[in-house]
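First comes the structure, then the notes that go with it.
Sequence lines set the chain letters: A, B, ... in the order given, protein chains first and strands last, and positions in each chain run from 1. The model shown is predicted, which means the values in this text are computed figures rather than measured ones. Note that these values count all heavy atoms, side chains included, but never hydrogens, waters or copies made by symmetry.
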Amino acid sequence: MKTLELPPTYDPSTIERAIYQRWMDAGVFTADNESDRDPYVIVIPPPNVTDVLHMGHGLNNTLQDVLIRFERMRGREALWLPGTDHAGIATQNVVERMIAREGQTRHDVGRDAFVKRVWSHVESKGSIILDQLKAIGASCDWSRTRFTLDEEYSRAVIKVFVTLYNEDLLYRGHRVIHWCPRCSTSLSDEEAEFHDRTAQLYHIRYRLCDEPKRHVVVATTQPETMFGDVCLMFHPEDERFSDLKGRSVLIPLSDLEIPIGTSDHVEQDFGTGMLKVTPAHDANDFDIANESPLDLDRPVVIDEHAKMTDIDRVPVSLRGLDRDEARKQTVELLEKAGLLERVEPYEHRVRKCYRCNTMVEPFLSDQWFVKMKPLAAPALAAYRQGDIRFVPERWGKVYENWLEDIRDWNISRQLWWGHRIPAWYCTSESCGKTIVAESAPDRCECGAALRQDEDVLDTWFSSWLWPFATLGWPNKTPDVRHFYPNHSMVTGPDIIFFWVARMIMSGFHFMGEKPFSTVYLNGMVRDTQNRKMSKSLGNGIDPLHVVERYGADALRYTVVAGSAAGADVNLDPDDLDTSFAVGRNFANKLWNIGRFILTNLEKPVTPITAIDAGQMELADRWILARTQRAVTETTKALDAFRFSETANTIYHFLWDEVADWYIEQVKPRLGQDGPSGEIARSVLVHVTETALKLLHPLMPFITEELWSHLPGDRTALLAITPWPVSQSTWINQEAERRFVTVQSLVGAVRSIRAEYHVPPHALMRAYVTPSSNDVRDALTSEMDTIRRLAKLEIVDLTGQEPEEAGGNAVLPNGSTVFVPLGDAIDVQKECNRLSAERDRLEAQLVKVNAKLSNDNFVGRAPADVVERERQKEKGWTEQRDALSGKLKSLGC
RNA sequence: GGGCGAAUAGCUCAGUUGGUUUAGAGCGCCUGCCUUACAAGCAGGAAGUCGGGGGUUCGAAUCCCUCUUCGCCCACCA
């Protein structure tokens, strides 16, 4: 037996570190790929190496750890695979900002030196992230930690690129993509996020060449792109313009002649119904120009720095200007020339870079794309067949809609930090061959030298392989065989498109099987104003800070209890005491329960299995039954990903039932030598053990610590102790019912004492009229408990009440309680209370009577429902009659 | 333009397929207690026409319709 002494206050900081070390020393997090046990695998959504973790990670990783610890205790071979993401643009931006402070750009530093610089930054940040995960108790298998730019992982990424290319699912295309002028890279559709914005809609006059007095008005939000116009288009059925087809107009200011054509894509109702087509600066215009029978050029008038180009089409005074300045000056010039008809405010959406919030520019360039339609098909089918399930379900629809009209994925980025694209171009102009291969060939077949593509891959093009590349794929490793597919994926709904959907696609394509079967989408952590927590808003909460102040368990409990069914969790960054009070208080309560038990277990404890159930008291049978209910409910809730329900179930079991009732009941028994004491100690230890097991996935540190102090052999860690099974033999409805009677009697007496302000230490008498023999037996067997907890000297069960004034109450089962008050009673107050009570009962009786006299109800409702209503009616009638009697006796 | 979500006590939210609920919890509030595990505690208590309106049903916070207010996602009306 270990020490029975615990420090009076719970100090998480010292305990948590030591406990984590014990888990590591015992190797309980390390998964065995040769185990006979059923695997259970979660791969971590790899945090970006750029930043330290925030509260959102705190929530996300706590939920994963809850699942992993639960399944580990259940006997599965649990693997939680940790790692980090190189986060292409985000990380490159951070390091660029660092060297900008030194007055340099990445081009000054040079590619190799810059990448080296990023690596050293990443190595320092990456270890902080892993330490943070350990601090919140994450039971990851650290021996399998991965990074998306690891050598082995990179091989998988390159292999995937080459494979898709050879399968004709990946190609180099020339088209208009989203370009971030600040990051100077292309972006995928998902990376260019929409933002609402009020802009100006400029109505511009284009003069007709063959009829100079007449002009055509075109509405646009971007007049500066007009120099890149190649034609105007109207809808073929638009009669307003039917005479214009085949004629031509002059671009204002540059006086370049462009034709007028028709296209189905033009909306007749928008603007003037006439569209300016600027193929190099609008993806739709690019398509329209491609489809058009007209022979159209694609002039570029805005460059990669969002400045006007210096081609002939652009007026000299505008060349080299930034896009905003160019717009301003273009509008002024138009106004001067009398070519601006009007300007109106216009609500629309613009796309911004998801990393730096800069407005993206449509930009015509060569990029690599993945053909997504063929990859999406099996991913869609799997969802529709129910092979992959989303929790909460609604996110499945979001996933489905996206896959249904998925578009090709631009995967090349004009960055230096990332996986270099494995494509080489022949430097001989006459040959011009492109070679895609896993390793660099020396020369082109034609003998000329080769030049590797300068670009790197989208960071998501590596993370979409995470569920299997982390296991060693493309090698057929034991890990791949044993741990694929994974089981649950726990992440945020904001990356369903970026990551979840693409993982499912790559899983089917490269592994022939889904990567995981359940996707749990946790909510966002928000502040009191419902804003996302972010660095820029300064409303973030550092998980480490919370761990230092209140402990990891308090943090974990708080976020788990607050996250019902994927709902957002609100926390106040300015008031951590309040935000984490629930977890902190519960941890403290738990600690004190532990302290009480340990200081009261000086006598030997008999195993529960050796106890004669026939000698148990009512309270023992009751708490054992409640314990079994807690086991069943907790297991059910965890199986269904109902995290907050799990938290609530254990909380109320431990606090309301174990602490407030059972411990109070057994206090006098624990030190006794006879069977009553022996049983109390035994049951208390059993109940505590079970509660600690149930709570361990949520609050691993404090439960492990308390576990180690409990009597018995504690060499085995709680983390790998088998999950409690439901023992139906302990379920005892009779005991539960009877103990409720005891609870309600004690409660009723306490209530009467409080109402009449009876001094707390004054002993009183209670006269009870039991409504049945069952109630009488229950109260008789628990007489001592009732006397002690309700501070009574006499409990009279004869049903004979003395002729004096007193307070009374009716128990839920219809029994009545009368407590004489002597001089303390306030007759008027008591009369008011009783008549209010009777009125309430009358109202309820009216309702239930109506229900029961309704043939429809009696005939059609299930028999047990009807029976319940009858019982209600009976009980309430008795209560009402009893009250009437009381009122009369008080002379009201 | 489509789609989704939210609205329940002063605050933050539970309420799983309609019926073991006279709608719950935590915080806050009121009353009384430093009862030798815990004042981060104990006991008792007040507080809600479940956003408005209509419907289905024997029965609705729960299902349907509609309106109002907020939030999110998607979409080639420039």
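Within the nucleic acid shown, A:R750 comes within 4.0 Å of sugar-phosphate atoms alone, with no base atom in reach, counting heavy atoms only. Among the atoms of the strands shown, base atoms are found under 4.0 Å from some heavy atom of A:E664. Residue-level contact check: A:S644 touches neither bases nor backbone, having no heavy atom under 4.0 Å from any strand. Residue contacts for A:V266: at a heavy-atom cut-off of 4.0 Å it reaches a base atom on one of the strands shown. Using a 4.0 Å heavy-atom cutoff across all strands shown, A:N600 reaches no nucleic acid atom at all. Here A:A587 lies out of heavy-atom contact (under 4.0 Å) with every strand. Using a 4.0 Å heavy-atom criterion, one finds that A:A219 contacts the bases of the nucleic acid, with or without backbone contacts as well. Within the 4.0 angstrom heavy-atom criterion, only backbone atoms of the sugar-phosphate kind lie near A:F194; the bases stay farther away. If you check every strand for non-hydrogen atoms under 4.0 Å, A:F580 touches nothing. Contacts of A:R526 with the nucleic acid, taken as non-hydrogen atoms under 4.0 Å apart, are absent. Here A:R753 lies out of heavy-atom contact (under 4.0 Å) with every strand. Across all strands, A:Y399 comes closer than 4.0 Å to no nucleic acid atom at all (heavy-atom distances).
As a whole-Å value, the separation of A:R642 CZ from B:U16 C1' is 4 Å. Atom-to-atom, CZ of A:R407 to P of B:A75 comes out at 6 Å; the value is rounded to the nearest Å. A:L670 places its CG atom 17 Å from the P atom of B:U36, with the value rounded to the nearest Å. Between the P atom of B:C58 and the CZ atom of A:R870 lies a distance of 18 Å, rounded to the nearest Å.
If you check B:A6 for Watson-Crick or wobble pairing at under 3.5 angstrom, you find it paired to B:U69. When Watson-Crick and G-U wobble pairs are counted only if both distances are under 3.5 Å, B:G1 pairs with B:C74. With a 3.5 Å ceiling on both atom-pair distances, B:U21 lacks any Watson-Crick or G-U wobble partner. With both pairing distances under 3.5 Å, B:G44 is matched to B:C30 as a Watson-Crick or G-U wobble pair.
Of all nucleotides listed (B:C77, B:G26, B:U12), B:C77 comes nearest to the side chain of A:E267. Of all nucleotides listed (B:G45, B:G3, B:A37), B:G3 comes nearest to the side chain of A:N401. Comparing B:C77, B:C38, B:G5 against the side chain of A:K589 picks out B:C38 as the nearest.
Taking side-chain N and O atoms only, A:N588 has no distance below 4.0 Å to OP1 or OP2 of B:G41. Contact check, A:T278 against B:A78: no side-chain N or O comes under 4.0 Å of OP1 or OP2. Contact between the side-chain N/O atoms of A:N585 and the OP1/OP2 oxygens of B:G41 is found at a separation under 4.0 Å.
Side chain to side chain, A:E361 and A:H178 fail the donor-acceptor criterion of an N or O pair below 3.5 Å.
Surrounding CD of A:Q733 are at most 12 heavy atoms belonging to other residues, nucleotides or ligands under 6.0 Å away.
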Worked verdict on A:T278 versus A:D229 for side chain to side chain donor-acceptor pair (under 3.5 Å) = CA-CA 4 Å; A:T278 323; A:D229 291 355; 2.8 Å; yes
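Aromatic rings from A:F643 and A:Y520 are positioned such that their centres are separated by under 6.0 Å.
Of the charged side-chain nitrogens involved, none lies within less than 4.0 Å of a carboxylate oxygen, so that A:E224 and A:R323 do not count as a salt-bridged pair. Salt bridge present: A:D577 and A:R549 bring a charged side-chain N and a carboxylate O closer than 4.0 Å.
On the C1' atoms, B:C34 is 11 Å away from B:C42, given to the nearest whole Å.
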